[in-house]
Amino acid sequence: MVVALALGFPLYQSRPIIFTVSDRFSGGGGGGAEGVDPTGSFPSFLPKEVYKIRDPSARTLAQRIQRLPVKVGFSESSIMSSCVTPKVRRDSNPVVLLHCFDSSCLEWRSAYPLLEDAGLEAWAVDILGWGFSDLERRPPCNVASKRYHLYQLWKSHIKKPMILVGPSLGAAAAIDFAVNFPEAVDKLILINANVYANGTGVLTKLPTLMAYAMASVLKSIPIRWYAKLLVFNGISLSKMLDYTDVGRLHCLMPWWEDATVNFMQSGGYNVTGQIKKVKQKTLLISSECDNIVDSKFGERLKNELPNASVRKVPECGHMPHIEKPYLIARLIAEFAQDASSEEILPRSYFVDNISSKNKHVV
């Protein structure tokens with residue numbers, strides 16, 4: 001997200017689905033999982049600064065993060081890869097949640113439990129080079145490596161065609177993956193998709209010393225805080241500061257600067273030529289108050305995708321899965337279950353203030 005700003009990207013079912021709030025979470029997991037602690041404390045591999053986070057939903061989801069072994073050809077041993085796994089495996093296709101550029105699965109702290117409560121098998125995974133995986137061996141973190149790592153995670157642990165969800169630059173990762181591994185993707189959901197950037201642009205030409213200096217600036221608190229001002233639509237100062245702590249937590253992993261520089265110098269995502277190759281049914285979710293991605297790019301994307309529909313989110317910034325998690329969870333659940341919103345909710349509903357009498361919580 002912050003690099004996007006630095007590069008000058010444009011600123012700008014048929015049964016009702018009922019959401020309730022779970023009081024507790026218990027981590028599921030696969031064979032060889034690392035980090036699950038039945039006492040409820042945080043996984044040992046997370047930076048100690050996680051204890052400073054106040055957001056209850058972030059703290060709860062952080063307790064569920066674990067590492068699964070993912071065997072990749074470009075590393076001598078399996079990469080212990082961070083993700084949040086579903087409590088229950090289901091017969092239906094799972095929802096797999098990616099995150100924005102230079103972020104982590106904690107982005108989904110508010111929406112993830114709602115998806116589980118809606119009866120979905122949900123995974124929140126960290127893209128290689130971001131999040132909280134064990135990258136002490138410093139594997140390559142270019143686009144091809146990120147794609148292949150996600151494929152191997154899917155092949156080893158998820159094992160069913162997925163509804164792949166990508167917000168912001170995560171939408172570029174989702175498109176790149178869906179085109180290269182179509183057998184792994186049933187549907188796509190792209191949220192405020194940042195897919196028309198020309199990779200990492202001028203950053204590919206930076207001398208290595210300057211690239212590391214840029215990475216240090218990008219993880220600084222003032223830059224991250226400023227990015228939150230652009231991303232979110234009118235939240236309080238205290239919440240902004242806490243969001244900053246959550247959003248930069250992964251930057252405190254010991255390998256983060258190396259992975260960031262590797263990605264910058266590799267060229268980054270450039271998926272413009274892949275968009276028309278997407279075969280999957282796609283839902284585009286677009287915020288009306290997005291200061292990062294101009295709405296004209298959303299219209300362009302809808303026109304270029306062969307099978308896409310659009311839902312608008314009013315009075316919301318670039319990350320609606322954090323600002324309006326109940327709405328985003330509902331849209332994801334409806335699309336995953338092949339339900340039409342018009343069949344579920346009458347037009348009198350306001351999407352940003354769902355009636356509590358229907359057991360939706362705002």
Side-chain angles (χ1 to χ4, degrees), residues 1-4 6-7 9 45-47 65 67-83 96-107 124-156 164 166-177 180-181 194-195 197-219 224 247-271 274:
M1 178 72 64
V2 182
V3 164
L7 291 174
F9 291 175
F45 55 78
L46 293 182
I65 298 175
R67 286 171 169 174
L68 301 178
V70 176
K71 183 66 177 176
V72 291
F74 51 82
S75 179
E76 294 180 3
S77 58
S78 295
I79 294 176
M80 297 304 295
S81 305
S82 52
C83 61
V96 176
L97 308 167
L98 303 180
H99 51 73
C100 297
F101 170 82
D102 192 22
S103 186
S104 76
C105 58
L106 289 178
E107 262 186 33
V125 305
D126 285 334
I127 299 171
L128 182 71
W130 300 313
F132 306 101
S133 298
D134 182 358
L135 304 183
E136 285 300 317
R137 293 179 179 270
R138 305 306 196 267
C141 293
N142 53 43
V143 168
S145 298
K146 293 177 187 292
R147 177 199 312 135
Y148 186 67
H149 172 265
L150 178 57
Y151 174 73
Q152 290 298 330
L153 187 150
W154 171 80
K155 184 178 179 181
S156 300
L164 188 59
S168 193
L169 197 70
I175 287 174
D176 174 75
F177 186 86
N180 284 278
F181 298 109
N194 190 344
V195 297
N198 185 23
T200 52
V202 296
L203 297 182
T204 61
K205 303 181 185 301
L206 284 180
T208 299
L209 187 61
M210 290 186 63
Y212 275 93
M214 174 67 79
S216 295
V217 171
L218 293 177
K219 77 172 181 180
R224 294 274 166 170
R248 70 185 293 270
L249 184 66
H250 68 285
C251 299
L252 306 178
M253 298 297 287
W255 45 259
W256 178 83
E257 288 186 356
D258 295 327
T260 298
V261 170
N262 182 272
F263 176 74
M264 287 193 300
Q265 294 183 332
S266 72
Y269 283 98
N270 186 348
V271 301
Q274 295 178 300

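Source: prediction; values computed, not measured. Starting from 1, each residue takes its place in the sequence as its number.
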Once side-chain contact (heavy atoms from CB on, under 4.5 Å) is applied, do any residues pair with [X], and if so which ones, sequence neighbours excluded?
X	answer
K205	none
N270	N198, T272
S145	F74, L128, P140, N142
L150	L98, V125, F177

Do W154 and F181 have ring centres separated by under 6.0 Å?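 Not close enough - the centres of the two rings lie 6.0 Å or further apart.
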Residue pairs, two or more places apart or on separate chains, that pass salt bridge (Lys or Arg N to Asp or Glu O under 4.0 Å) and touch residues 262-271: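 As it turns out, there is no salt bridge (Lys or Arg N to Asp or Glu O under 4.0 Å) pair with a partner in residues 262-271 once direct neighbours are skipped.
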Partners passing side chain to side chain donor-acceptor pair (under 3.5 Å) against [X] (at least two apart in sequence or in another chain):
X	value
H99	none
W255	none
S82	D126, S133
N262	none

Which residues pass the salt bridge (charged side-chain N to carboxylate O under 4.0 Å, His left out) test with K219, sequence neighbours left out?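 For K219, the residues satisfying salt bridge (charged side-chain N to carboxylate O under 4.0 Å, His left out) (neighbours in sequence not counted) are E257.
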Flag for R67-S81: side-chain donor and acceptor within less than 3.5 Å: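 Checked: S81/R67 side chains show no N/O donor-acceptor pair below 3.5 Å.
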Run the salt-bridge test on R224 and D102 with the 4.0 Å N-O cut-off and return the result as yes or no.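 Looking at R224 and D102, the cut-off is met.
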Can you label the angle between the F101 ring and the F263 ring as parallel, tilted or perpendicular, going by 30° and 60°?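 Answer is tilted, since the angle falls between 30° and 60°.
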Would you please name every residue forming a ring pair (Phe, Tyr, Trp, His ring centres under 6.0 Å) with Y148, sequence neighbours left out?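 Scan of Y148 (ring pair (Phe, Tyr, Trp, His ring centres under 6.0 Å), adjacent residues dropped) gives none.
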Using a 3.5 Å distance criterion without hydrogens, assess whether the side chain of S103 forms a donor-acceptor pair with backbone atoms of C100.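 Checked: no pair found.
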